[in-house]
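Worksheet: the structure to be examined is printed underneath.
Computed from a prediction, not measured in an experiment: that's the story for all the values here. Excluded from the calculations below are hydrogen atoms, water molecules and symmetry mates; all remaining heavy atoms, backbone and side chain alike, are included.
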Amino acid sequence: MEVFMHQDVKKILVSAEAIEQRCRELGKQISDDYRKDGEVPVLVALLNGSVPFLAKLITYIDLDIEYDFMDVKSYEGTESIGDVRILKDLDRSIKGASILLVEDIVDTGRTLHEVSKLLLNKGAGKVKIVSLLDKPSRRVIAIQPDYTGFVIPNEFVIGFGLDFNEKYRNLPYVGVLKDECYL
Ligand code: 5GP
C-alpha cells in the first residue's frame, strides 16, 4: 500500500529550508554562548518528538557535547500543575552538569517546567532550554526557552518530529493537517 503523507498537509508553516537555516543559526549561537561561559553542555532530548531537531542541531554545535534521552508523560486529564511520569530516564549522572534540554515544542510549558525541576533535583548545575517551536499563546506556566527556533500561532502542527497519532513525524517540514485527517 502506498501512503502519500504530503497529501494530508493543508499548509506548510515552517519549510525544510527554514529549519535548516535556523538550526545553523541556533547551533552557532549555542556554541558561542557556552564557549563564552567556559561550559560544554550535555544535551537532553525529550523523546520522541525532538529527535529530528536534535539530529540537525548537533551538526551545527561546535563543542564537544554529549547527548542523552528522556521520555516523560504528563499526567492526563488534569488541569493541575501535576508531575510528569518518567518512561525513560537518563543513562548517566548529571551531577554538576550544564544541561541543554532539547524539545520539539513548548505549548502550556508544563512538560519543560517539570523536567527542568527534575533535572535540577538530580543535581544538574544549570538547565537551559532550546525548543524548535514555541506557541506562547497557549502558555499556562511562565517558562521561556533560552533558544527558540520559531514562534508559531495556536495551531496543532505536525512534521519534523511532531506527530498526530504517532504519524507524520518524518515530514521534513512543520505543517498543519487537513481537517478531514482528524476524522
Ligand atoms: P506542554 O507541556 O508544553 O503543554 O506540551 C509539550 C508537548 O505537547 C510537546 O512536547 C508535544 O508533544 C505536545 N504538543 C503541543 N503542541 C503540539 C502541536 O501543535 N502538535 C503536536 N504534534 N504536539 C504538540
Val42 versus Arg92: any side-chain heavy-atom pair under 4.5 Å? yes
Same cluster or not: Leu133 versus Ile58, using hydrophobic residues (I, L, V, M, F, W, Y) connected whenever any side-chain heavy atoms lie under 4.5 Å apart? yes
Salt bridge Arg169-Asp104, side-chain N to carboxylate O under 4.0 Å: no
For Leu63 versus Ser31, what's the shortest heavy-atom pair and its separation? CD1-CA, 3.9 Å
Does Ile129 offer a backbone N or O that forms a donor-acceptor pair with the side chain of Asp146 under 3.5 Å? yes
Check whether more than 12 heavy atoms from other residues, nucleotides or ligands sit under 6.0 Å from atom NZ of Lys167, and answer yes or no. no
Ala45 versus Leu54, closest heavy-atom pair with distance: CB-CD2, 4.0 Å
For residues 170-183, run the donor-acceptor check on the side chains, cut-off 3.5 Å, and write out each pair with its distance to 0.1 Å, sequence neighbours left out.
unit_1	atom_1	unit_2	atom_2	d
Tyr173	OH	His6	ND1	2.7
Lys178	NZ	Gln7	O	2.6
Asp179	OD1	Lys10	NZ	3.2

Report yes if the side chains of Met70 and Leu119 come closer than 4.5 Å at any heavy-atom pair, otherwise no. yes
Student check: side-chain heavy atoms of Glu166 and Asn48 closer than 4.5 Å: yes
Spacing of NZ belonging to Lys28 relative to CZ belonging to Arg24, to within rounding of 0.5 Å: 12.5 Å
Nearest heavy atoms of Lys88 and Phe69, plus distance in Å: NZ-O, 3.0 Å
Ring-face cation contact, Tyr34 with Lys128, 6.0 Å cut, 45° max: yes
Taking atom types as modelled, is there a side-chain donor on Tyr147 or Glu25 under 3.5 Å from an acceptor on the other? no
For the residue pair Asn165 and Asp163, what are the closest heavy atoms and their distance? N-OD2, 3.6 Å
Quick one about Gln21 and Glu17 (side-chain donor to acceptor, distance below 3.5 Å, no hydrogens or angles considered), yes or no? no
On a heavy-atom basis, which atom in Leu100 and which in Pro41 lie closest, and how many Å separate them? CB-CB, 4.1 Å
For Arg22 versus Thr148, what's the shortest heavy-atom pair and its separation? NH2-O, 2.9 Å
For Asp62, does its backbone N or O pair with a side-chain atom of Arg35 as donor and acceptor, under 3.5 Å? yes
Donor-acceptor check, side chain of Asp68 to backbone of Asp91, threshold 3.5 angstrom: yes or no? yes
